[in-house]
Amino acid sequence: MTTQSQIRTLVLLTMVVSVAPAAPAQSSQNVPRLSVDGLVLRNVKAEAVTYKGRSAVRLSDAAAPESNDAERWALGRGTSLADGTIEVDLTGDTLPTANPTARGFVGISFRVAGDGSRFECFYLRPKNGRAQDQLQRNHSTQYISFPGFPWDKLRAETPGKYESYVDLVPGEWTKVRITVSGDKAQLYVNGAPQPVLIVNDLKQPPSAGAIALWVGSGTVAHFANLKVSPQVK
């Protein structure tokens with residue numbers, strides 16, 4: 001027989017289950033094979049290739065040398081995200097003609113305005129990942145935001161806050177995951193359970209925008225398996 005004590009316990013358990021918060025739902029914009037035709041290009045050359053066993057899009061820097069870090073990208077048509085998760089496999093290395101200071105800069109821009117005039121961005125410097133200088137290793141990952149917040153301004157005003165170390169190898173596939181929520185974003189690399197870079201004060205006002213493949217000066221990069229999962233509110 002069910003005792004009065006057992007009845008009270010069942011009622012309490014029912015109450016706990018009923019008030020437990022549900023995880024935010026997400027819907028995916030899955031792009032397992034990126035298409036050159038699905039990209040809007042600015043100052044980059046795009047090619048469909050097979051690279052180290054994966055179907056990929058290769059992006060190469062085609063901008064004038066004096067161009068800034070807002071000038072080289074490939075916008076994904078039909079992508080949109082305000083809050084949620086972005087996942088992609090990518091590589092970054094330097095072109096044979098690149099300046100020796102180039103580091104294979106490669107990353108993902110998010111909340112991108114249609115004309116590319118506004119965006120947030122996480123990127124990697126693969127040639128810093130195993131540099132024999134610790135300070136250079138500390139600059140392996142980077143957050144930037146346009147307009148107004150290039151890497152050199154952020155480094156000068158708040159040293160170390162918007163960049164960090166992570167092990168990287170130029171030209172090798174690297175798995176990247178970015179989570180975005182309000183004015184916060186986190187960068188995860190190669191399946192690590194903890195982020196390698198945390199930004200708690202994204203510089204642009206929160207708004208929905210497109211996803212763009214991003215490269216820096218002197219870079220040749222590859223991208224595959226893009227997955228965009230907006231948070232459903």
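A quick note: this is a predicted structure, and the numbers were derived from the prediction, not measured. These numbers come from the heavy atoms of this one structure, side chains and all, not from hydrogens, waters or symmetry mates.
When all heavy atoms of Pro147 and Gln204 are compared, the closest pair comes out as O-NE2, 3.0 Å. Considering all non-hydrogen atoms of both residues, Ser55 and Ala224 come closest at O-CB, 3.5 Å. When every heavy atom of Glu47 is checked against every heavy atom of Ser60, the shortest pair comes out as OE2-OG, 4.4 Å. When all heavy atoms of Ala98 and Gly218 are compared, the pair lying nearest together is CB-O, 3.5 Å. In plain terms, the two heavy atoms of Gly129 and Asp167 that are nearest each other are O-OD1, 4.2 Å. The shortest heavy-atom contact between Ser80 and Pro230 is O-CG, 3.5 Å.
Side chain of Trp214 to main chain of Asp69: a donor-acceptor pair is present (N/O by atom type, distance under 3.5 Å, no hydrogens or angles). Side chain of Tyr143 to main chain of Lys161: no donor-acceptor pair is present (N/O by atom type, distance under 3.5 Å, no hydrogens or angles). The main-chain N or O of Asp37 is found under 3.5 Å from a side-chain atom of Arg77 such that the two form a donor-acceptor pair. Checked by atom type and distance alone, the side chain of Asp89 never pairs as donor or acceptor with a backbone atom of Lys175 at under 3.5 Å. Not a single donor-acceptor pair under 3.5 Å links the side chain of Ser164 to the backbone N or O of Thr141. Looking at Gln132, its side chain does come within 3.5 Å of a backbone N or O of Arg130 through a donor-acceptor pair. For the pair Gln231 (side chain) and Leu81 (backbone), a donor-acceptor distance under 3.5 Å is absent. Thr94 contributes no side-chain N or O that, together with a main-chain N or O of Ala102, makes up a donor-acceptor pair within less than 3.5 Å.
Ser145 OG to Phe122 CZ: the interatomic distance, rounded to the nearest 0.5 Å, is 10.5 Å. Separation of atoms OH (Tyr162) and CG (Leu154) is listed at 6.5 Å; rounding is to 0.5 Å. Rounded to the nearest 0.5 Å, atoms CD (Glu172) and CG (Asp93) are 9.5 Å apart. For the atom pair OG of Ser217 and CD of Glu71, the computed distance is 12.0 Å after rounding to the nearest 0.5 Å. For the atom pair OG1 of Thr91 and CG of Leu59, the computed distance is 10.0 Å after rounding to the nearest 0.5 Å. Of the inter-residue distances, the one linking Arg137 atom CZ with Leu168 atom CG reads 10.5 Å to the nearest 0.5 angstrom.
Other residues, nucleotides and ligands contribute at most 12 non-hydrogen atoms within 6.0 Å of the CD atom of Gln194. In Lys45, the NZ atom is not crowded: 12 or fewer heavy atoms of neighbouring residues, nucleotides or ligands sit closer than 6.0 Å.
Applying the ring-ring contact (aromatic ring centres under 6.0 Å, His included) rule to Phe105 yields no partners; only residues at least two apart in sequence or on another chain are considered.
Placement of Tyr188 and Leu226 in two distinct hydrophobic clusters is found when ILVMFWY residues are connected by side-chain heavy-atom separations under 4.5 Å, directly or transitively. Under the 4.5 Å side-chain heavy-atom criterion for Ile, Leu, Val, Met, Phe, Trp and Tyr, Val220 and Leu90 are members of distinct hydrophobic clusters. Taking hydrophobic clusters as Ile, Leu, Val, Met, Phe, Trp and Tyr residues chained together by side-chain heavy-atom distances below 4.5 Å, Leu213 shares a cluster with Val176. Taking hydrophobic clusters as Ile, Leu, Val, Met, Phe, Trp and Tyr residues chained together by side-chain heavy-atom distances below 4.5 Å, Leu39 shares a cluster with Phe223. In the hydrophobic clustering of this structure, Ile108 groups with Val57; members are Ile, Leu, Val, Met, Phe, Trp, Tyr whose side-chain heavy atoms approach within less than 4.5 Å, directly or through other members.
When each of Asp61, Thr219, Asn43 is checked for a side chain to side chain donor-acceptor pair (under 3.5 Å) with Arg72, only Asp61 meets the rule. Partner of Phe146 under the ring pair (Phe, Tyr, Trp, His ring centres under 6.0 Å) criterion, out of Trp151, Phe119, Trp73, Phe110: Phe119 alone. Checked against Leu197 for a side chain to side chain contact (heavy atoms under 4.5 Å, CB included), the options Leu187, Ile178, Leu124 give a single hit: Leu187.
Gln136 places a side-chain heavy atom less than 4.5 Å from the side chain of Arg103. Between Leu202 and Val180, some side-chain heavy-atom pair lies under the 4.5 Å cut-off. In this structure the side chain of Asp83 reaches within 4.5 angstrom of the side chain of Arg111, judged on heavy atoms. Counting heavy atoms from C-beta outward, Arg155 and Gln142 have side chains that approach closer than 4.5 Å. Using a 4.5 Å heavy-atom cutoff, the side chains of Thr85 and Arg177 are in contact. Residues Trp173 and His222 meet the side-chain proximity criterion, which asks for heavy atoms closer than 4.5 Å.
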Next item on the list: Determine, stepwise, if the pair Val112 / Ile211 fulfils side-chain contact (heavy atoms from CB on, under 4.5 Å).
Entry: CA-CA 6 Å; Val112 185; Ile211 306 302; over 6 Å; no
